[in-house]
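Proteins come first, then strands; the chains are lettered A, B, ... in the order of their sequence lines, and each starts at number 1.
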Amino acid sequence: MSELKLQKMDENRWLIPAAGGMRVPGMVYSSERLMKEMGRDESPKQVANVAHLPGILKYSLAMPDMHWGYGFPIGGVAAFDLNDGVISPGGVGYDINCGCRLVATKLRVEDIRGRMEEIVTALYRDIPSGVGSRGPLKLSLSEEKKVLHDGSRWAVKAGFGTASDLDTTEDGGRMEGGDPDLVSQRALERGREQLGTLGSGNHFLEIEVVDEIFDEAIAAAFGLQKDQVAVMIHSGSRGLGYQVCDDYLARLVKLIPKLGFPLPDRQLACAFLDSREGKEYFAAMACAANYAWANRQVLMHWTREVFERTLRRSPADLGMRLVYDVCHNIAKFETLPLGGKQVKVCVHRKGATRSFPPGHPSLPDIYRTSGQPVLIPGDMGTGSYVLAGTEKAFQETFGSTCHGAGRVMSRSQAMKAGRGRSIRREMSDRGVIVMAAGRGTLSEEMPEAYKNIHEVVNVCHEAGISRKVARLKALGCIKG
DNA sequence: ATGTGC
């Protein structure tokens with residue numbers, strides 16, 4: 001195996017020329033420093049591996065937060081031709097439709113100063129979190145199937161939130177084509193009692209304050225202003241999505257010999273988009289995506305209730321409005337510019353966020369001129385960014401940008417580095433009240449385990465694949 | 001990410 005050669009194209013892009021069985025070149029959006037920091041991380045190799053898949057279009061892409069993942073790198077984006085392309089569970093990830101939503105409030109930071117312990121404790125009590133956690137909802141099988149088919153729409157109909165929440169959710173919180181009958185009994189069982197639970201690892205619910213505005217006009221369109229309090233929720237499809245991924249991987253790995261082309265890595269197990277297996281994976285994945293949207297919708301509803309009760313304020317007074325909800329682990333059919341034409345393709349975004357430009361028909365009217373809100377969670381001590389989608393992303397990166405800070409340390413490395421330390425204390429010294437269900441979670445998630453979110457976001461901004469709008473600072477956080 | 005691992 002020859003060493004992978006990356007050619008620096010400009011300050012923010014690195015080309016992996018097509019070599020060997022690569023059908024297209026790779027393109028990595030990153031800075032000199034972030035590239036160096038990746039050290040022995042093999043994700044550039046994974047970018048090259050993805051380029052071997054049939055029907056891949058233009059480039060195998062990676063975002064600046066990229067790091068090693070199952071088959072595809074996390075931070076990877078790849079689009080496939082509908083006729084001769086493939087769909088791959090490894091290109092979506094185990095946490096199908098892991099994503100973020102940002103809820104703006106009418107509160108200003110001085111309204112909650114001194115009350116963070118109280119609010120965080122109340123959230124921690126009311127929002128089930130941690131590995132294997134179950135919620136108070138126990139869905140009947142038929143009700144769960146409705147969740148899988150209707151996503152956030154089910155949640156709103158069941159009384160969790162309002163119809164306007166759907167307007168500011170990517171795809172309206174519902175992916176077409178979900179077929180609950182293609183989700184295994186085991187996945188259904190795991191999902192029954194987990195709707196409305198946060199999960200663990202990097203999932204969180206965070207109270208943040210708008211710290212800096214970079215683009216006044218777009219921030220105003222998003223309803224954000226300096227010193228305003230907001231809530232960021234980061235969660236996914238829980239055990240159900242994991243099980244869907246696991247089930248279909250097991251099935252597709254067995255079929256690798258029948259694919260008719262060599263795979264550089266068995267973890268790239270995939271199926272042609274027009275095959276039975278490909279269609280069935282998509283239909284099951286769509287169910288998990290819908291479950292994740294319903295999950296975040298329920299989590300947000302309970303968050304609103306906790307704020308109302310804890311702060312003794314009316315919903316109108318709190319004005320907790322969903323700014324937007326984005327998914328960052330998904331494969332979707334989208335119409336995107338390619339070779340001067342608009343072409344329907346299957347885009348895999350694994351640890352990458354949609355970044356659609358101003359004027360795109362999928363955006364609600366209020367964001368027509370600003371572009372899509374793009375939500376980027378940072379590490380728990382630092383906070384988050386709000387970006388806006390751009391035409392350049394639409395043209396260059398299949399309408400995609402980064403999804404977060406991205407790990408620099410493995411979980412086990414981070415655990416080791418956290419030995420003998422109180423991360424909770426370190427966080428509170430930095431002004432962030434944290435509560436976590438798992439013993440090791442805070443170590444695994446400590447800020448130094450992640451890349452510098454400012455640098456990741458700056459690469460995306462400089463490269464033009466999203467624009468900086470606002471930065472939010474964490475005040476309080478619950479984790480699994 | 002995950003009823004965390006052979």
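For A:I74 and B:dT2, the CD1 to P distance is 13 Å, given to the nearest whole Å. To the nearest angstrom, C1' of B:dT2 lies 10 Å from NE2 of A:H203. The distance from atom CG of A:N329 to atom P of B:dT2 is 11 Å, rounded to the nearest whole Å. Look at CD on A:E445: it is 18 Å from P on B:dT4, rounded to the nearest Å. In this structure, A:E444 places its CD atom 8 Å from P of B:dA1, rounding to the nearest Å. In this structure, NZ of A:K479 is placed 15 Å from C1' of B:dT2, rounded to the nearest angstrom. One can place OH of A:Y248 at 19 Å from C1' of B:dT2, the figure rounded to the nearest angstrom. In this structure, A:R296 atom CZ and B:dA1 atom P are separated by 14 Å, rounded to whole Å.
Using a 4.0 Å heavy-atom distance criterion, A:Q194 is classed as a sugar-phosphate-only contact. Residue contacts shown for A:G201 are limited to sugar-phosphate atoms, with no base heavy atom under 4.0 Å away.
By the neighbour-count criterion of 12 heavy atoms within 6.0 Å, atom NZ of A:K138 is densely surrounded, having more than that number from other residues, nucleotides or ligands.
Within residues 235-242 of chain A, the residues that place at least one heavy atom under 4.0 Å from DNA chain B are, in residue-number order, A:R238, A:G239, A:Y242.
In this model, the phosphate group of B:dA1 is approached by a side-chain N or O of A:N202 to a distance below 4.0 Å at OP1 or OP2.
No hydrogens or angles considered: a donor-acceptor pair under 3.5 Å links the side chains of A:R296 and A:N97.
Using bins of under 30°, 30° to 60° and over 60° for the plane-to-plane angle, the ring pair A:F72/A:H348 lands in the parallel bin.
For the pair A:R101 and A:Y324, the cation-pi test (distance below 6.0 Å, angle within 45°) is failed. For the pair A:K468 and A:Y385, the NZ or CZ position fails the cation-pi test of under 6.0 Å to the six-membered ring centre and within 45 degrees of the ring normal.
For residues 268-279 of chain A, the set of pairs meeting the side chain to side chain donor-acceptor pair (under 3.5 Å) definition, not counting sequence neighbours, comprises A:R276-A:E280.
Evaluation of the side chain to side chain contact (heavy atoms under 4.5 Å, CB included) rule for A:Q243 yields A:S184, A:R186, A:A187, A:R190, A:D246, A:D247 as partners, not counting sequence neighbours.
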